[in-house]
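Reviewing the structure listed below.
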Amino acid sequence: MTRSRAMWVWDTSTPQATVDLAVSSGIGQLFVAVPPNLATSSRLADLTTLSQRARAAGIRVDALGGDPTWVDNASWVVTSWLKPVKSSGLFTGIHIDVEPYSLPAWTTKQSTVVASYLTLLDKLGANAGSYPIEADIPFWFGTVAASSSTGAASTLDREIMKRTAGVSVMAYRNTATGPDGTLDVASTALAAGAFLGRPVRLGQETTYLGDTAVDRKQTFFGWTRTDMETQLALVDSGAAAYATYAGLAIHDASGYAAMAP
């Protein structure tokens with residue numbers, strides 16, 4: 001399948017610089033953060049400029065949104081976020097980054113949170129129309145129990161894939177191969193995507209996460225782009241063994257722009 005790089009864009013205040021970065025880096029898809037009630041948002045002008053210039057450059061622009069609290073507010077999400085996104089005409093797809101494991105209830109009522117998250121995806125799907133929905137997932141969602149629509153035992157990564165057009169896996173490691181490398185931690189999600197026929201992107205981190213060994217192994221912060229590309233080429237070649245591998249996604253535009261060549 002065709003693979004092009006994607007990039008998350010949380011800071012939308014410099015539209016032209018973001019588009020220039022994407023063009024110069026061969027990035028073909030942007031996940032652009034969009035606030036609720038877009039039509040009346042102070043960010044509408046920048047988002048309009050970013051979308052128009054990116055699309056003129058042949059870059060796909062998807063609306064990025066999400067918060068852990070969304071799992072308990074599906075109707076609000078549809079009314080206040082999804083519908084304004086669609087009516088703006090600025091985006092090609094919907095990109096969800098909810099991270100429900102950040103909720104306190106994840107540790108006490110995980111099955112309830114999981115069910116609510118899947119209900120949110122169902123509701124988004126029912127209201128998205130022709131807009132494809134993609135979701136960000138951590139690589140370990142394959143270890144989280146979930147129920148299929150028939151009530152059968154399943155895993156959260158697979159149930160999310162069934163409800164979306166594809167996923168981006170937060171497989172944040174700065175080594176491609178070997179134990180605990182990107183390919184190792186992403187293997188379960190890559191296999192699930194291939195089995196279900198769903199595209200799977202692999203996310204790679206460039207922002208500062210902290211100074212512990214665990215923090216540092218998850219990001220290319222402090223690396224040069226040249227050295228990072230050596231690892232990304234290995235990720236690409238290794239993941240290509242999976243039929244639905246869809247390419248890399250860089251987190252995020254600000255971190256990537258700050259890297260030395």
As an exercise, state the distance from [atom1] of [X] to [atom2] of [Y], rounded to the nearest 0.5 Å.
X	Y	atom1	atom2	answer
Arg163	Leu118	CZ	CG	4.5 Å
Leu121	Ile94	CG	CD1	12.5 Å
Ile96	Asp67	CD1	CG	11.5 Å
Met228	Thr219	CE	OG1	9.0 Å
Trp106	Tyr101	CH2	OH	9.0 Å
Asp236	Arg5	CG	CZ	6.5 Å

Exercise for review: Report yes or no: is the cationic atom of Arg158 (NZ for Lys, CZ for Arg) under 6.0 Å from the centre of the six-membered ring of Phe195, at an angle within 45° of the ring normal?
Suggested key: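 Yes, Arg158 and Phe195 form such a contact.
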Evaluate the side-chain proximity of [Y] to [X]: yes if any heavy-atom separation is below 4.5 Å, no if none is.
X	Y	value
Leu44	Leu38	yes
Arg225	Pro261	no
Ser154	Lys162	yes
Val167	Phe141	no
Glu205	Phe221	no
Phe91	Val34	yes
Thr49	Gln16	no
Trp76	Trp70	yes

How close do [X] and [Y] get, counting heavy atoms only, and between which atoms?
X	Y	value
Val113	Ala105	CG2-CB, 3.7 Å
Val19	Ala54	CG2-N, 3.8 Å
Phe139	Val169	CA-CG1, 3.6 Å
Ala243	Ala194	N-CB, 4.4 Å
Trp10	Arg43	O-NH2, 4.1 Å
Pro199	Ala246	CB-CB, 3.9 Å

Review point. Do other residues, nucleotides or ligands put more than 12 heavy atoms under 6.0 Å from Lys217 NZ?
Key: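 Counting other residues, nucleotides and ligands, NZ of Lys217 exceeds 12 neighbours.
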Would a distance-only check, ignoring hydrogens and angles, find a side-chain to backbone donor-acceptor pair under 3.5 Å from [X] to [Y]?
X	Y	result
Asp46	Pro15	no
Ser41	Asn37	no
Ser51	Thr48	no
Gln231	Asp227	no
Arg55	Leu90	yes
Glu134	Gly166	no
Thr244	Val200	no
Ser24	Leu21	yes
Lys86	Asn127	yes
Gln204	Ala171	yes

Determine, using the 4.5 Å side-chain heavy-atom cutoff (strictly less than), whether [X] and [Y] are members of one ILVMFWY cluster.
X	Y	answer
Leu47	Tyr131	yes
Trp223	Leu234	no
Leu196	Val144	yes
Leu209	Phe220	no

Exercise for review: Apply side-chain contact (heavy atoms from CB on, under 4.5 Å) to the pair Val77 and Leu124, showing each step before the final yes or no.
Suggested key: CA-CA 8 Å; Val77 173; Leu124 288 168; 3.9 Å; yes
Would you tell me whether [X] and [Y] have side-chain atoms, one donor and one acceptor, within less than 3.5 Å of each other?
X	Y	value
Asp62	Gln29	yes
Ser13	Asp11	yes
Thr224	Thr226	no

Point to revise | Where at least one partner belongs to residues 14-49, residue pairs that pass ring-ring contact (aromatic ring centres under 6.0 Å, His included), sequence neighbours excluded | key: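 Qualifying pairs, neighbours excluded: Trp8-Phe31, Phe31-His95.
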Practice item. Start with the C-alpha distance between Thr18 and Thr12, add both sets of side-chain angles, then the distance that settles side-chain contact (heavy atoms from CB on, under 4.5 Å), and finish with yes or no. Key: CA-CA 8 Å; Thr18 299; Thr12 57; over 6 Å; no
